[in-house]
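Heads up: the structure comes next, in structure tokens.
Order of listing sets the numbers, starting from 1, for every ligand and every atom in it. The figures that follow rest on heavy atoms only: side chains count, while hydrogens, waters and symmetry mates do not.
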Amino acid sequence: MSSFTVINPATAQPVTEVPLATLEEADAAIARAQDAFPAWRSVAPGERARLLRAFAAVVDAHLEELAQLEVRNAGHTIGNARWEAGNVRDCLNYYAAAPERLFGRQIPVAGGIDVTFHEPLGVVGVIVPWNFPMPIAGWGFAPALAAGNCVVLKPAELTPLTAIRLGELAIEAGIPEGVFTVIPGKGSVVGERFVTNPLVRKVCFTGSTEVGKRIMAGCADQVKRVTLELGGKSANIVFADADVAKAAATAPYAVFDNAGQDCCARSRILVERSVYDEFLGGLEKAVTALRVIDPADDASEMGPLISAKQKETVLGYLDGVEAAFTGSAPQAEGFWVPPTVVLTEDTTAPVWREEVFGPVVAVMPFDDEEHAVALANDTEYGLSGSIYTRDLGRALRVARGVESGNLSVNSHSSVRYWTPFGGYKQSGLGRELGPDAPNAFTEEKNVFIAQD
Ligand code: NAD
């Protein structure tokens, strides 16, 4: 068995070694999950709800430990990491209500009654990226478990530590062995096996568009269910009638949070030409004031990138590109890149078109509402976005016009577990979270009972 050295991104120092599962070990874990399935699906709804609430309570009791672990493993600011651990707890509590409310329908038909059932799929494979190891894991496993499935979860190679701990906490909370298993391993080994092993009935994947396409193609072979949450290149559209000062002051948080390694990052800012200079003045003030410091410090607003490789990729986008202004970053070991603002009117520029996945934002002026919507939609992605305007009608028109799964008006709302989340176009397939998420982990069965 090989292993992976986990590195602290803020210091570039090793944290620990994590064994990587082999193909045989992945198969064995999947088989154990399959063995655990008949008993788990038969647990009475109220009891499954109680177990999920117990799991949430144990996560809550370990919130600070999980948060500190994420700071060391992923370089997240401690404030964000606490929110992320709390999000796992909240997701578990929210979906703990689902087993008792997994309603079917009674449909009027002639000659008897017709009822539908939401039945669990069996074993669900959840594949998680490194940018939000805890929340993205929870968005998959909480509704999947609630719907009566067993879950095998593969964290990203770079960030396995909190997922491994969550697997242990599930057992501590009384979730039966085999119902929720965390298998650290390579994407090309364990991740691929989720796709090819027929015992896995659904793959819930979050990651790059490139790997997502490959997974979708692989799942086609067995008509395996698949949910994809992929990349983004979201627009933050600022109209002249907006509170421009507020739009400028908040824009950095919408793109530089998690050092820009966020699929929802508003990495393209579109500003109506008449307030372009005013906006840039406010943006510069906000960017230079951003506290890019040790993520373990309570005051930290932005930490390092995840890895040396990611830093190299991000810097590659800045090669030969003139930055309008930048914020600060520690001159330290570790994978630091300062928040960087680029101005462009070239819609073919890589920094405008491609998902940089780092603290780089491109700003472009626009002329009118139609132009803004056209520019926002001129991308293969469609995950998120923001609209700043005081005109309610315009807010509505633009929100309906932008081809994107998650838009916020006069705010940069992050993902909320109460509401559906997912992408248009190449940002994904299917939706996670919200009240309907457990249904995505079920088959709808229709039963007709004759009355004569
Ligand atoms: P990635 O696609 O390289 O890896 C994601 C996960 O897939 C990892 O666990 C990896 O081990 C696994 N994997 C890699 N190759 C695989 C294969 N052939 N078969 C099965 N699994 C495989 O992505 P990443 O670099 O870890 O994450 C960054 C990307 O994730 C960005 O593009 C970002 O936009 C996207 N993302 C999307 C969302 C969303 O909800 N839409 C959320 C977070 C991140």
What part of E432, side chain from CB on, backbone N/CA/C/O, both or neither, has a heavy atom under 4.0 Å from ligand 1?
neither
Right, does atom 19 (N) of ligand 1 have protein non-hydrogen atoms nearer than 4.0 Å?
yes
N/O separation below 3.5 Å, W139 to ligand 1
no
For atom 15 (N) of ligand 1, what's the nearest protein heavy atom and its distance?
V211 CG1, 3.6 Å
Considering non-hydrogen atoms only, spot the tightest contact between A33 and C150 and give its length.
O-SG, 3.5 Å
Taking only heavy atoms of T206, which atoms of ligand 1 are found under 4.0 Å from at least one of them?
5 (C), 36 (N), 37 (C), 38 (C), 39 (C), 40 (O), 42 (C), 43 (C), 44 (C)
Nearest protein heavy-atom contact for atom 37 (C) of ligand 1: which residue, which atom, what distance?
L230 O, 2.7 Å
Atom 40 (O) of ligand 1: the protein heavy-atom neighbour that sits closest, reported with distance to 0.1 Å:
E229 CB, 3.1 Å
What is the closest protein heavy atom to atom 22 (C) of ligand 1, and at what distance does it sit?
G187 CA, 3.4 Å
Has ligand 1 got any nitrogen or oxygen that is less than 3.5 angstrom from a nitrogen or oxygen of G207?
yes
Considering the heavy atoms of I215, write down every atom of ligand 1 situated less than 4.0 Å from one of them.
20 (C), 21 (N)
For the 3.5 Å polar cut-off, considering only N or O atoms, please tell me whether F357 and ligand 1 meet it.
no
Within-cut-off N or O pair, W130 and ligand 1, under 3.5 Å:
yes
Closest non-hydrogen protein atom to atom 34 (O) of ligand 1, residue and atom name please, with distance?
E355 OE2, 2.6 Å
From the options D262, V292, L290, select the one residue that forms a side-chain contact (heavy atoms from CB on, under 4.5 Å) with F256.
L290
Ligand 1-proximal atoms of Q261, by part, heavy-atom distance under 4.0 Å:
neither
Identify the closest protein heavy atom to atom 27 (O) of ligand 1: which residue and atom is it, and at what distance?
P129 CB, 3.4 Å
Do N258 and N80 have a side chain donor and acceptor closer than 3.5 Å?
no
Against heavy atoms of N131, which atoms of ligand 1 measure under 4.0 Å?
43 (C), 44 (C)
Count the heavy atoms belonging to other residues, nucleotides or ligands that lie under 6.0 Å from CZ of R201, then report whether that count exceeds 12.
no
Shortest non-hydrogen pair, V226 vs I215, comes out as CG2-CG2, 4.1 Å
With heavy-atom distances below 4.0 Å as the criterion, list the atoms of ligand 1 near C263.
34 (O), 36 (N), 37 (C), 38 (C), 39 (C), 40 (O), 41 (N), 42 (C), 43 (C), 44 (C)
Has ligand 1 got any nitrogen or oxygen that is less than 3.5 angstrom from a nitrogen or oxygen of E157?
yes
Can E333 and T11 be counted as having a side-chain donor-acceptor contact under 3.5 angstrom?
no
Quick check on contacts: which atoms of ligand 1 are under 4.0 angstrom from a heavy atom of V128?
6 (C), 8 (C), 9 (O)
What pairs meet the ring pair (Phe, Tyr, Trp, His ring centres under 6.0 Å) rule with one or both residues in residues 333-353, with sequence neighbours excluded?
none
If you measure from the Lys or Arg side-chain nitrogens to the Asp or Glu carboxylate oxygens, is any gap between E403 and K425 under 4.0 Å?
yes
Salt bridge (Lys or Arg N to Asp or Glu O under 4.0 Å) between D436 and R431, worked out
CA-CA 9 Å; D436 301 328; R431 292 291 180 270; over 6 Å; no
Distance to the ring centre below 6.0 angstrom and angle to the axis at most 45 degrees; does that hold for K202 and F441?
yes
Give a yes or no on this: more than 12 heavy atoms of other residues, nucleotides or ligands lie within 6.0 Å of atom CD of E168.
yes
What protein heavy atom sits nearest atom 1 (P) of ligand 1, and how far away is it?
S208 OG, 3.6 Å
With distance as the sole criterion, is a donor-acceptor pair present between the side chains of E355 and Y381 under 3.5 Å?
no
Cut-off 3.5 Å, side chains only: do T196 and R193 have a donor facing an acceptor?
yes
What atoms of ligand 1 come within less than 4.0 Å of a heavy atom belonging to L383?
41 (N)
Closest to atom 7 (O) of ligand 1 by heavy-atom distance, out of F132, F421, F205, is F205
Taking atom CZ of R214 as the centre, does the number of heavy atoms from other residues, nucleotides or ligands within less than 6.0 Å exceed 12?
no
Interfacing atoms of ligand 1 (cut-off 4.0 Å, heavy-atom, I136)
42 (C), 43 (C)
Between R214 and ligand 1, which part of the residue brings a heavy atom under 4.0 Å of the ligand: side chain, backbone, both or neither?
side chain
Element-labelled atoms of ligand 1 that are located less than 4.0 Å from some non-hydrogen atom of A156:
9 (O)
Answer yes or no: does an N/O atom from K154 fall short of 3.5 Å to an N/O atom of ligand 1?
yes
Cation over ring, R394 on F239, under 6.0 Å and within 45°?
yes
Identify the protein heavy atom lying closest to atom 12 (C) of ligand 1, giving its residue, its atom name and the separation to 0.1 Å.
I127 CG2, 3.6 Å
With N73, which of P9, P160, P133 fulfils side-chain contact (heavy atoms from CB on, under 4.5 Å)?
P160
